[in-house]
Amino acid sequence: MAAAGAAKVTAAAAATAVFRSNQELTRLARSGQLAAARRLFDSMPRRNTVTYNAMLSALARNGRIDEARALFDGMPRRNAVSWNAMIAAFSDHGRVADARSLFDEMPNRDDFSWTLMVSCYARAGELEIARDVLDRMPGDKCAACYNAMISGYAKNGRFDDAVKLLKEMPTPDLVSWNSALAGLTQSGQMVRAGQFFDEMVEKDLVSWNLMLEGFVRAGDLDGASTFFARIESPNVVSWVTLLNGYCRAGKIDDARELFDKMPERNIVAWNVMLEGYVRLSRMEEACNLFEEMPDKNSISWTSIVSGLVRAGKLQEAKDLLDQMPFNCVAAKTALMHGYLQRKMVGEARQIFDGIEVRDTVCWNTMLSGYVQCGMLEEAMLLFQRMPNTDTVSWNTMIAGYAQGGQMRKAVGIFKKMNRRNTVSWNSVISGFVQNGLFVDALHHFMLMRRDTKRADWSTYASCLSACANLAALQVGRQFHSLLVRSGHINDSFAGNALISTYAKCGRILEAKQIFDEMIVKDIVSWNSLIDGYALNGHGTEAISVFLEMKANNIRPDEVTLVGILSACSRAGFIDEGLKYFNSMEKEYSLKPVAEHYACMADMLGRAGRLNEAFELVQGMQIQPNAGVWGALLGACRLHKNDELARLAAEKLFELEPRKTSNYVLLSNISAEAGKWDEAEKTRASIKEKGVHKPPGLAGSS
DNA sequence: TATGCGTAGT
């Protein structure tokens, strides 16, 4: 008897212990402490179904869906909560099909299960299927299930359907009304939202906060402040919403005043204030606030680190990261990004290697760092090692190979992609253009339309550039009308590309017309028109556009001066050209770069002032590039100066050893001067140096 | 003590 009594006591004590551990496990799960939750779970001598369910949701919350599934499959007993938690895990990560098959297998579905499925489809944008699930739900439908559907309609812009269902359902609750209201406030329809809010049968603080957030989102700070003042007893969410409004409007000092007035500050409030300072690069205040924060989570750390990185304080960011008490991938990725922008690949890689659990953003950052540094082999190795790739990863590789001149590899990656988006198409199309394969670019535009992917300004800019280079006026005109039809005609990008296209096709009047019709002209628009006149030999017009530009208070940049100098060069305006060139630094604070020298060499050379041109090149502060020597060589041919030609050509051979046309040009110059031996020698050196053809555009390396 | 629908911060 006594033994039985003792056993009963022991069993009760054990049950209490499990109960207590479960409470702790739940707490850990909710605060995102997965590692601690796992340790506790593993150390528990006895577990019940609640224990497993808590662990399951801890895994799901941290995105460990497949581990959660393994735990689910291995559970000794499963109840409805276990099934629902697993369905929710799939639903939260967009795995609609997995959620559905579990729902179909589930023995006894309850209200939670049906609500989860409605919500799952609604969030995936599958509103008709969601509605079908709701309609099939047997017996009395719970309010939550209706609410999931109302929310789905509202978030997808179907406000009328949301209200219709709200009126149809037997017992709408606060969430029903707020779900419908959220549809209006979150899509910026504040007038309708205000009417709906006034007519609401039931409302609570969430309703008021939804309205407040709507004003902030619409950028109506006065409306927000006035509305806030009407809230009877605002809670932390109300305060934070208004605080965020001030921060986003850049009124950081007003924000700080509000922050100091807050009756209660939680971690979200601190983070909003911190991000406000960081956004305005007020890093000293940001750092002070960060020090004062009673709690810091991964958002706080990411904010401060990316702020320091943006301010160029990489060492401070790194020192701070070394003190981070937990592993925050986003903060470390921000530092990696900073290193990579400065081409400090080794430092970035060190951080990367030190991260135990990386997300796809982290992998993509390292990947694009390698690409930007031209380290394509390392990029490919990393790409192949990635546990998960997304469209960004693939697009990064495509753009990398395209910029590296290896179009064959770029296209190879592109063809293997499962889901191509507009950026993927743009990367190959602009790659073809950059590598001079204009016909391929236009061909891929046709394929893109067949793939029903939307073209954007970048697509059109690349295609127009292809047309310009092919001088394909008719195709260019077709793109022009496509731009009008797709509504992109008012983008300054598109307009600028059109100006260049018409100008390069010799239709300078049409180029000017586009320019005149453009609503928003930027510096590129002016430069494109000046370039266009230059290209067509209209020196006077180019200069008059330049003067008009200055009269409009647009500051000329380096590109403008290239245009002006080449206009003077082609029109033979030597004195004008020299005047502009010599006044670059004084009048426009622009240091001449190689392109300017090339224009000058061309200008003086064409006019037969070869020695002056040569002296100018020799006196350059910077290293002359191939363009400069090329201009000189061209002028030498024009004026039959084979001695200077040889000198310029030798420099060109150093800079562009594989470019056959340089050798051919020099050989012709020698031949024209009657120096047949020299000509033959130059031709022979083509074979000698192993120069066969221009560098392979298709990148067969 | 574990699972669903509406509000704030990357």
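Here is how names work: the chains are called A, B, and so on, in the same order as the sequence lines, proteins then strands, and each is numbered from 1.
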Original post:
Does a distance-only test, which skips hydrogens and angles, find a donor-acceptor pair under 3.5 Å between the side chain of A/N22 and the base of B/dA2?
Top reply: no
Original post:
For A/L205 and B/dG6, what is the distance between atoms CG and C1' respectively, to the nearest whole Å?
Top reply: 12 Å
Original post:
Pairs in or reaching into residues 305-318 of chain A: which pass side chain to side chain donor-acceptor pair (under 3.5 Å), with residues at least two apart or in two chains?
Top reply: A/Q315-A/D319
Subject >> Closest nucleotide among B/dG4, B/dG9, B/dT1 to the A/V50 side chain >> reply: B/dT1
**OP:** Tell me what A/C142 touches on the nucleic acid: a base, only sugar-phosphate, or nothing, going by heavy atoms under 4.0 Å.
**Re:** base
Subject >> Sugar-phosphate, base or nothing in reach of A/S179, heavy atoms under 4.0 Å >> reply: sugar-phosphate
Original post:
Within this structure, what is the CG-to-C1' distance between A/L308 and B/dT10, rounded to whole angstrom?
Top reply: 16 Å
**OP:** Could you work out which one of B/dT7, B/dA2, B/dA8 sits closest to the side chain of A/S57?
**Re:** B/dA2
**OP:** Whole angstrom is fine here: how far is it from CG in A/N48 over to P in B/dT3?
**Re:** 14 Å
Identify each donor-acceptor pair in which a side-chain atom of residues 125-132 of chain A lies under 3.5 Å from a protein atom, sequence neighbours left out, and give them as a table.
from: A/E128; atom 1: OE2; to: A/R158; atom 2: NH1; distance (Å): 2.9
from: A/R131; atom 1: NE; to: A/D135; atom 2: OD1; distance (Å): 3.2
from: A/R131; atom 1: NH1; to: A/Y153; atom 2: OH; distance (Å): 3.2
from: A/D132; atom 1: OD2; to: A/R136; atom 2: NE; distance (Å): 2.9
from: A/D132; atom 1: OD2; to: A/R136; atom 2: NH2; distance (Å): 3.2

**OP:** Indicate whether OP1 or OP2 belonging to B/dA2 is found under 4.0 Å from a side-chain N or O atom of A/Q23.
**Re:** no
Subject >> Rounded distance in Å - CG (A/L59) to C1' (B/dT3) >> reply: 15 Å
Original post:
Expressed in angstrom and rounded to an integer, what is the separation of A/L166 atom CG from B/dG6 atom C1'?
Top reply: 12 Å
**OP:** Could you work out which one of B/dG4, B/dG9, B/dT1 sits closest to the side chain of A/L116?
**Re:** B/dG4
Original post:
Listed in order of residue number, which residues of residues 77-115 of chain A have a non-hydrogen atom at under 4.0 Å from DNA chain B?
Top reply: A/N79, A/V81, A/N84, A/D111, A/F112, A/T115
Original post:
Of the nucleotides B/dT10, B/dC5, B/dT7, which has the atom closest to the A/E275 side chain?
Top reply: B/dT10
Subject >> Out of B/dC5, B/dG9, B/dT7, whichever nucleotide has its closest atom nearest the side chain of A/I299 >> reply: B/dG9
**OP:** Please name the residue in the list A/T185, A/N178, A/N235, A/V240 that meets the side chain to side chain contact (heavy atoms under 4.5 Å, CB included) test with A/N209.
**Re:** A/N235
**OP:** Answer yes or no: side-chain N or O of A/N147 and base N or O of B/dG4 forming a donor-acceptor pair under 3.5 Å.
**Re:** no
Original post:
Step by step, would you call A/E347 with A/L340 a side chain to side chain contact (heavy atoms under 4.5 Å, CB included)?
Top reply: CA-CA 8 Å; A/E347 284 83 352; A/L340 290 168; over 6 Å; no
Original post:
When the ring centroid of A/W270 is compared with that of A/F290, is the distance short of 6.0 Å?
Top reply: no
Subject >> Geometric cation-pi criterion, A/R78 with A/F72: 6.0 Å, 45° >> reply: yes
Subject >> Audit row: A/R385, A/D353, salt bridge (Lys or Arg N to Asp or Glu O under 4.0 Å) steps and yes/no >> reply: CA-CA 13 Å; A/R385 271 183 51 203; A/D353 287 333; 5.5 Å; no
**OP:** Could you work out which one of B/dG9, B/dT3, B/dC5 sits closest to the side chain of A/N244?
**Re:** B/dG9
**OP:** Return the value, rounded to whole Å, for the distance between atom CE of A/M149 and atom P of B/dG4.
**Re:** 19 Å
Subject >> Nearest listed nucleotide, side chain of A/A54, among B/dA2, B/dT10, B/dG6 >> reply: B/dA2
**OP:** Could you work out which one of B/dT10, B/dG4, B/dC5 sits closest to the side chain of A/A148?
**Re:** B/dC5
